[in-house]
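Given the structure is predicted, the values throughout are model-derived calculations rather than measurements. These values consider heavy atoms only, across backbone and side chains, with no hydrogens, waters or symmetry-generated copies.
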Amino acid sequence: MLDFLGSLERTHHCGDLRAANAGQQVVLMGWVNRRRDHGNLIFLDLRDRSGIAQIVLDKELTPDGHLKGEQVRPEYVVAAVGKVRLRGADATNPKMATGEIEIEATQLLVLNDARLAPFSPAEEAIQNEEVRLKYRYVDLRRPEMQRNFRLRHDITLAIRESLSNQGFLEIETPILTKSTPEGARDFLVPSRVHPGEFYALPQSPQIFKQILMISGCDRYFQIARCFRDEDLRADRQLEFTQVDLEMSFPRREDVFAVVEQFLAAGFKAAGVTLPTPFPRITYDDSMRQFGTDKPDLRLPGLTDVRPAFTDENLATLQIDPALPVVALRIPKVGELSRKEREDNWPLFDQKKGAKFIDDFKRLAKGFPEAAAKVRELAGAAEGDFVIIVAGDPAHHVKASDTKFEGRLSEREINVYAAAGNFRTELSKKYAERHGAFGVTEQTVVDAHERNAQDPMDGSTAFHPIWIVDFPMFEYDLASAKWVPAHHPFTSPYEADMANLVSDPASVRANCYDLAMNGMELGSGSIRIHRKDVQQQIFKSLGISDEEAHARFGFFLDALEYGTPPHGGIALGLDRIVMLLAGAPSLREVIAFPKTAKAIDLMADAPTSVSEHQLKELHIRVALKS
RNA sequence: GGGGACGUAGCUCAGUUGGUUAGAGCGCUGCCCUGUCACGGCAGAGGUCGCGGGUUCGAGCCCCGUCGUCCCCGCCA
């Protein structure tokens, strides 16, 4: 028999009660976390968002309440009326925040019963994510998930406040809009009013925020939902949230300063001090030193060990002398057996035209000087695992061999990337041995126990870095054309504009990425604000006037009505929270995420729709049989 | 589109070379219990071994297909 809430008013949250509350009359409401029935005495652990408090139901004190206590089951929703009392010294539970007190109940109301769930929020996360996602409302009751969303809220709030304080206005842009040139597949929404025509969901508010700059908005930001119809990953969902901003008359430095300030504010809200300013690295240096454009600085980078070898050495070792020879080093791995090393071989990407040497004993036999020199150059200490990665002359990959002055060639990049990927894979595999990732995990755990007033030093755990000076164009072998490495509104450096036609390879884009701990957090640029430059870029990219006009004519029109120099950036909020929550996937920090196959297991989306709906939308479904 | 891992009770898992009636812990149900807090004790229920086909005297186990979840490549500037 269920009870009505009536006029009963909740006075406290479960997790907030302390010894100081002893003697107070309270009303708590929440879910039955656990029940311990001792016959004439029943203990209920009552859980709400704030935590857990122990309710005591004594048959002598409250026969009615005790009777109801016998009937309740896990996840029943109840209200407990009673008095806070100190527990005896021997009954105190130091493991609970509220362990010094308990509620001596005079009344228990059963507000709702609950079917037995396939798992209990009182226990740790189950392995079966399918079940967790189907019963998401139960999963979200777990304290760990509650904590993640509290964290997300606090971070978002701090970022909003920081940006507002820096003069940014939060402005909403349309969800139903026109395809934006981000390069990903669009989600389309059929128009009922305009048969055969479609809206697109924004991949980002890119064009709108630029138009807001033209509109004299000066500084815009938005915690913006973005949609990209691409395959999912642990760190990618179909819809995700960006901290999106744009500012007028900025130098690149101004954008960096804004981001560093709001990101530090977000981290502080999570209990972590993030030192500013962030270091910078050019794209070329990032490739050379880390073999990736999103370097993880928690471990040593790559070392150029070409000087350790003579040309004869390389010839004997069948290493391409014209390509990079680099060493990667994973600290404290210890000596690996042949079997252990062989297990690592599949982690190396064979397709990049590179090879590796991981047997230093053998190398030292044939080339003792070179082997010693490599370890010296790499700064290898006893027990550090060192691998040499170099170009394989026998393995010709399909890449441009053309070397453009002042620029890494495709083949060079491939060797660096092979080394960089190998480094990343091995650093994950030997995380327990080198311990560098454990610092992050510990910071995350500690930070949760702290607060923004007393943040802890995050400088050894979190390593933000700006990546700058990306090439403006990439050479596409298939079409033998230069294609944009970024969206077509990215400005080249003013100094490079003269070379747009004559020497596209040399043109650098005035854009920037922010990476942290091996993850891309965001990307932005100074935009093109002049119509003539924009036309020049389209021309360089082989986009005809007609095509440009059809896709974003309204934007090109707007450009002609007084466009200030402007630029901005967008950072992945989900990824920021994921990092600070120490979560292995975005699904842990998104309330209702989709699976790797793009399914919402709880809502059961997507589904087919009625003929009537389709007809209204002028849509006919043509499934491949 | 491709590669890999996993799929046995509600959950976490075990299941020998293919061999009789598929097990454990937790959870659940009933009874008992006044100081537990992962309460305890006794008893009990609970299985289309993801699904379909094949091989075999016999399949949870072998083969083929398929579905689902996860990870990765492609893709996502």
> When all nucleic acid strands are considered with a 4.0 Å heavy-atom cut-off, which category describes A:K59: base, sugar-phosphate, or nothing?
Replying inline: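 No contact.
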OP1 or OP2 of [N] less than 4.0 angstrom from a side-chain nitrogen or oxygen of [X], does that happen here?
{"X": "A:R35", "N": "B:C37", "value": "no"}
{"X": "A:R587", "N": "B:C71", "value": "yes"}
{"X": "A:R47", "N": "B:C37", "value": "no"}
{"X": "A:R233", "N": "B:C73", "value": "yes"}
{"X": "A:R36", "N": "B:C39", "value": "yes"}
{"X": "A:K597", "N": "B:C67", "value": "no"}
{"X": "A:T595", "N": "B:U69", "value": "yes"}
{"X": "A:R34", "N": "B:C39", "value": "yes"}
{"X": "A:N40", "N": "B:U34", "value": "yes"}

I want to verify a distance call: between [options], whose nearest atom is closest to the [X] side chain?
{"X": "A:I126", "options": "B:G10, B:C11, B:U36", "result": "B:C11"}
{"X": "A:P118", "options": "B:G10, B:C75, B:U69", "result": "B:G10"}
{"X": "A:E230", "options": "B:G35, B:G68, B:C76", "result": "B:C76"}
{"X": "A:S585", "options": "B:U69, B:U36, B:C71", "result": "B:C71"}
{"X": "A:E123", "options": "B:G27, B:C37, B:G74", "result": "B:G27"}
{"X": "A:A234", "options": "B:C71, B:C37, B:C76", "result": "B:C71"}

Spacing of [X] atom [atom1] relative to [N] atom [atom2], expressed in whole Å:
{"X": "A:L44", "N": "B:C39", "atom1": "CG", "atom2": "P", "value": "12 Å"}
{"X": "A:Q242", "N": "B:C76", "atom1": "CD", "atom2": "P", "value": "16 Å"}
{"X": "A:M96", "N": "B:U36", "atom1": "CE", "atom2": "C1'", "value": "11 Å"}
{"X": "A:R73", "N": "B:U29", "atom1": "CZ", "atom2": "P", "value": "5 Å"}
{"X": "A:R228", "N": "B:C76", "atom1": "CZ", "atom2": "P", "value": "10 Å"}

Whether A:Y137 and A:Y135 hold their rings parallel, tilted or perpendicular, with breakpoints at 30° and 60°: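 Geometry flag for A:Y135 against A:Y137: perpendicular rings.
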task: Could you label the plane-to-plane angle of the A:F470 and A:Y283 rings as parallel, tilted or perpendicular, counting under 30° as parallel and over 60° as perpendicular?
output: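 The arrangement is tilted - the two ring planes meet at 30° to 60°.
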Do [X] and [N] share a donor-acceptor pair, side chain to base, under 3.5 Å?
{"X": "A:R87", "N": "B:U36", "answer": "yes"}
{"X": "A:D231", "N": "B:G74", "answer": "yes"}
{"X": "A:E130", "N": "B:G50", "answer": "no"}
{"X": "A:R236", "N": "B:C76", "answer": "yes"}

Flag side-chain contact, heavy atom, 4.5 Å: A:V243 against A:I223: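 A side-chain contact under 4.5 Å exists here.
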| said: Side chains of A:Q54 and A:R36, heavy atoms from C-beta outward: is any pair under 4.5 Å? | reply: yes
Practice item. Check the geometry between A:F43 and B:U36 and answer yes if their rings are stacked (centres below 5.5 Å, planes below 30°), otherwise no. Key: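 The base of B:U36 is stacked with A:F43 (centres under 5.5 Å, planes under 30°).
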**Prompt:** Is there ring stacking between A:H38 and B:U36, where the centres must be under 5.5 angstrom apart and the planes under 30 degrees?
**Reply:** no
